[in-house]
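Following: one structure in structure tokens, then a few remarks.
If you're wondering where the values come from, they're calculated on a predicted model, not measured in any experiment. The chain is numbered in sequence order, starting from 1.
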Amino acid sequence: MKKCFLSVSKIISVVLCVSVLMGNVVFGAEKKDKILDIKTLDYETAVDMAIKSDSSLKKIADQIDVTLKNREDMFMGDVRPGSSSQLVVLSAQRLAYLSGIHSLDASYRISEITEDVTKIGIRAAVKNSFSTITLNQSKLELLKKNYDLQRQLLAQATLKNQVGMMSKKDLQDLDRQTQQMAEQIRQLQMSIDNAYIALNDLIGVAPEDRYEIINDVEYTPLEMNMSIDMYVSRKLSTDQSLQMQQIAVENAEFSAKTISLGTTGSEHRTSELEATNTARDYKNAKESKEKSIREAYIQLQQLESMRKNLLTDLEKAKSDLEKVTVNYNVGNVTEITLKQAGLAVDSIENSLLENTLNHDLLMFTFDNTCVLGSAS
């Protein structure tokens, strides 16, 4: 099964797609030079910091303010565009006026939706960064324990080689494995640093800041009080990314149905074609979103099934550790054997943590489908 973690770049790309529909809103990043004078950081605090730091939200707020003022100047509430169900022919001046009102109204609606989507995208990005750091730190701790054990095995192998109980080739293979493990530790440490840099960029602090992540994620299985078909139907009707495409359809239909006396046949046919293509794009987007929601539902079920197997494996590994501990205490097994049994437990617990974090992130996107990637 493919990874359920969304990369920060993928989440941000979903949010940035909104700007294509906005026109006047340009997403950008402010210089991150604020120093984070804390030792710990929890999820909600990080989200608040990221929202305050995000320059795109400030631009969206400005856009909403300007749009409202412009709309007040043009539209006092007693003039509406023509019905999209029939062709409306107006004078060029009247058409320009109504088009301006329609454009401002669409811009305001898009700005509001964009603000909502951006905040959801920020929450997803922070959640992803927290999960990445938490999981990699757990993996690093486990890898270091394995590395310490590997070095003990290498030391033993060196002695065995000296007395002729192990070949030089086998010793070299074990030494190579030990070096590879040391490199894995280095690479994992770099990954953690990169994850911190990405998170710091989100929350608006210096790249070099380091602190303890408080990531209290509790595993909560999916509970559906409706069929998946009904869930999909509800989400398609409320998904913000689809709402923006629906506005694009409305704009195209307005342009096709509302013309002036000077509109040529060629211009009208072009507008009708644009309306048709925009409606097709919207239909395709809904179908793609539906597929993504259903795939996420299946992935959640797979994760929950995997968790049951992991819990069974953990119970057995703990039982094995208890038996090895008893045997170690009476001198029947070596310390290395005891450490191997303990690492078996640690490894499964690490897999359970990964399962929990993957499940939590996928649950978030399953609920907030606007940041659920398009199905491939």
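- The shortest side-chain heavy-atom distance between Lys289 and Ser241 falls under the 4.5 Å cut-off.
- A donor-acceptor pair under 3.5 Å links the side-chain atoms of Asn329 to the main chain of Thr325, judged by distance alone.
- Taking the side chain as every heavy atom from C-beta outward, Glu212 and Leu41 never approach each other to under 4.5 Å.
- In this structure a side-chain-to-backbone donor-acceptor pair under 3.5 Å is present from Ser271 to Glu267.
- Transitive grouping of hydrophobic side chains (ILVMFWY, heavy atoms separated by less than 4.5 Å) keeps Val330 and Ile336 in distinct clusters.
- Leu171 and Val163 fall into different hydrophobic clusters, defined by Ile, Leu, Val, Met, Phe, Trp and Tyr side-chain heavy atoms under 4.5 Å apart, directly or through other members.
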- Carefully, step by step, assess Gln299 and Asn358 under the rule side chain to side chain contact (heavy atoms under 4.5 Å, CB included). CA-CA 10 Å; Gln299 288 180 12; Asn358 275 329; over 6 Å; no

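- A single hydrophobic cluster is seen to contain both Leu199 and Leu140, as judged by linkage of ILVMFWY side chains at heavy-atom distances under 4.5 Å, directly or through other members.
- Looking only at side-chain heavy atoms (C-beta outward), Gln150 and Gln177 come within less than 4.5 Å of each other.
- Just one residue in the list Leu202, Ile122, Ile203, Thr118 forms a side-chain contact (heavy atoms from CB on, under 4.5 Å) with Ile51, and that residue is Ile122.
- The distance from atom CG of Asn194 to atom OH of Tyr196, rounded to the nearest 0.5 Å, is 13.0 Å.
- Using a cut-off of 4.0 Å between Lys/Arg side-chain N and Asp/Glu carboxylate O, Asp48 and Lys52 are scored as not salt-bridged.
- The pair Arg210-Asp193 meets the salt-bridge criterion, since a charged nitrogen lies less than 4.0 angstrom from a carboxylate oxygen.
- In this structure the side chain of Glu183 never reaches within 4.5 angstrom of the side chain of Gln179, judged on heavy atoms.
- A salt bridge links Arg294 with Asp229: the distance from a Lys NZ or Arg NE/NH1/NH2 to an Asp or Glu carboxylate oxygen falls below 4.0 Å.
- Glu322 and Lys318 are not joined by a salt bridge, as no carboxylate oxygen comes within less than 4.0 angstrom of a charged side-chain nitrogen.
- For the pair Arg269 and Leu273, the minimum side-chain heavy-atom distance is 4.5 Å or more.
- When atom types are taken as modelled, the side chain of Ser347 and the backbone of Ala344 share no donor-acceptor pair closer than 3.5 angstrom.
- If you chain together hydrophobic residues whose side chains sit under 4.5 Å apart, Leu135 and Tyr219 never meet in one group.
- When atom types are taken as modelled, the side chain of Ser191 and the backbone of Gln187 share a donor-acceptor pair closer than 3.5 angstrom.
- Note on Arg307 versus Glu304: no salt bridge recorded, every NZ/NE/NH1/NH2 to OD/OE distance being 4.0 Å or above.
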- Item | Working for side chain to side chain contact (heavy atoms under 4.5 Å, CB included), residues Ile110 and Tyr108 | CA-CA 5 Å; Ile110 288 175; Tyr108 173 71; over 6 Å; no

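- Atoms CG and NZ, from Leu236 and Lys286 in turn, are 6.0 Å apart once rounded to the nearest 0.5 Å.
- Side chain of Asn161 to main chain of Met166: a donor-acceptor pair is present (N/O by atom type, distance under 3.5 Å, no hydrogens or angles).
- For the 3.5 Å distance criterion, the side chains of Tyr282 and Asn277 fail to qualify, holding no donor opposite an acceptor.
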- Item | side chain to side chain contact (heavy atoms under 4.5 Å, CB included) evaluation trace for Gln152 with Lys339 | CA-CA 11 Å; Gln152 283 187 257; Lys339 287 184 177 180; 2.5 Å; yes

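- The closest donor-acceptor contact from the side chain of Asp360 to the backbone of Glu218 lies at 3.5 Å or more, if one exists at all.
- By the 4.5 Å heavy-atom criterion applied to side chains, Met244 and Thr114 are counted as neighbours.
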- Please step through side-chain hydrogen bond (donor to acceptor under 3.5 Å, both in side chains) for the pair Asp175 and Thr178, ending with a clear verdict. CA-CA 5 Å; Asp175 181 59; Thr178 306; 5.3 Å; no

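- With hydrogens and angles disregarded, no donor-acceptor distance shorter than 3.5 Å links the side chain of Gln137 to the backbone of Ile192.
- Ser237 places a side-chain N or O within 3.5 Å of a backbone atom of Arg234 that can act as its donor or acceptor partner.
- For the pair Arg123 and Phe364, the NZ or CZ position fails the cation-pi test of under 6.0 Å to the six-membered ring centre and within 45 degrees of the ring normal.
- Between the side chain of Asp239 and the main chain of Cys370, a donor-acceptor pair closer than 3.5 Å is present.
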- Task: Carefully, step by step, assess Tyr297 and Tyr231 under the rule side chain to side chain contact (heavy atoms under 4.5 Å, CB included).
- Result: CA-CA 10 Å; Tyr297 177 67; Tyr231 184 84; over 6 Å; no

- Worked verdict on Lys144 versus Asp148 for salt bridge (charged side-chain N to carboxylate O under 4.0 Å, His left out): CA-CA 6 Å; Lys144 285 181 176 180; Asp148 289 340; over 6 Å; no

- Lys283 and Glu287: CA distance, side-chain angles, deciding distance, salt bridge (charged side-chain N to carboxylate O under 4.0 Å, His left out) verdict: CA-CA 6 Å; Lys283 179 176 180 294; Glu287 291 174 351; 2.6 Å; yes

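- Salt-bridge formation is detected for the pair Asp367/Lys235: a Lys NZ or Arg NE/NH1/NH2 atom is positioned less than 4.0 Å from an Asp or Glu carboxylate oxygen.
- Side-chain contact between Met49 and Val205 is present, with at least one heavy-atom pair separated by less than 4.5 Å.
- We find the CD1-CG distance between Ile213 and Asp42 to be 9.5 Å, quoted to the nearest 0.5 Å.
- Listed by chain and number, the hydrophobic cluster partners of Val333 are Leu310, Leu311, Leu314, Leu321, Val324, Tyr328, Leu338, Val345, Ile348, Leu352, where partners are ILVMFWY side chains within reach of under 4.5 Å, directly or through others.
- A donor-acceptor pair is defined here as one N or O able to donate and one able to accept, closer than 3.5 Å; no such pair exists between the side chain of Thr369 and the backbone of Leu372.
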Distance-only check: which donor-acceptor pairs under 3.5 Å involve side-chain atoms of residues 153-160, not counting sequence neighbours?
unit_1 : atom_1 : unit_2 : atom_2 : d
Thr158 : OG1    : Leu154 : O      : 2.8

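- Scanning both residues, Asn251 and Ala106, for their nearest heavy atoms gives OD1-CB, 3.5 Å.
- Taken to the nearest 0.5 Å, the CG atom of Asp201 stands 7.5 Å off from the OG atom of Ser53.
- Clustering ILVMFWY residues whenever any of their side-chain heavy atoms sit less than 4.5 angstrom apart, transitively, puts Leu353 in a cluster other than the one holding Leu142.
- Ring geometry for Tyr43 against Phe130 counts as perpendicular: the plane angle is over 60°, on a 0 to 90° scale with 30° as the lower cut.
- Lys169 has a carboxylate O that lies under 4.0 Å from a charged side-chain N of Asp173, or vice versa, which qualifies the two as a salt bridge.
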- Message: Under the criterion side-chain hydrogen bond (donor to acceptor under 3.5 Å, both in side chains), I'd like the reasoning laid out for Thr334 against Thr337: C-alpha separation, chi angles, the key distance, then a yes or no.
- Response: CA-CA 5 Å; Thr334 65; Thr337 302; 3.1 Å; yes

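- Residues Glu141 and Asn350 fail the side-chain proximity criterion, which asks for heavy atoms closer than 4.5 Å.
- From Arg109, atom CZ reaches atom CD of Gln243 across 9.0 Å, with rounding to the nearest 0.5 Å.
- How far CG of Leu303 is from NZ of Lys308: 12.5 Å, rounded to the nearest 0.5 Å.
- At most 12 heavy atoms of other shown residues, nucleotides or ligands fall within 6.0 angstrom of atom CD in Glu315.
- In terms of heavy-atom proximity, Pro207 sits nearest to Ile197 at O-CG1, 3.8 Å.
- Residue Met190 shares its hydrophobic cluster (ILVMFWY side chains chained together at separations under 4.5 Å) with no other residue.
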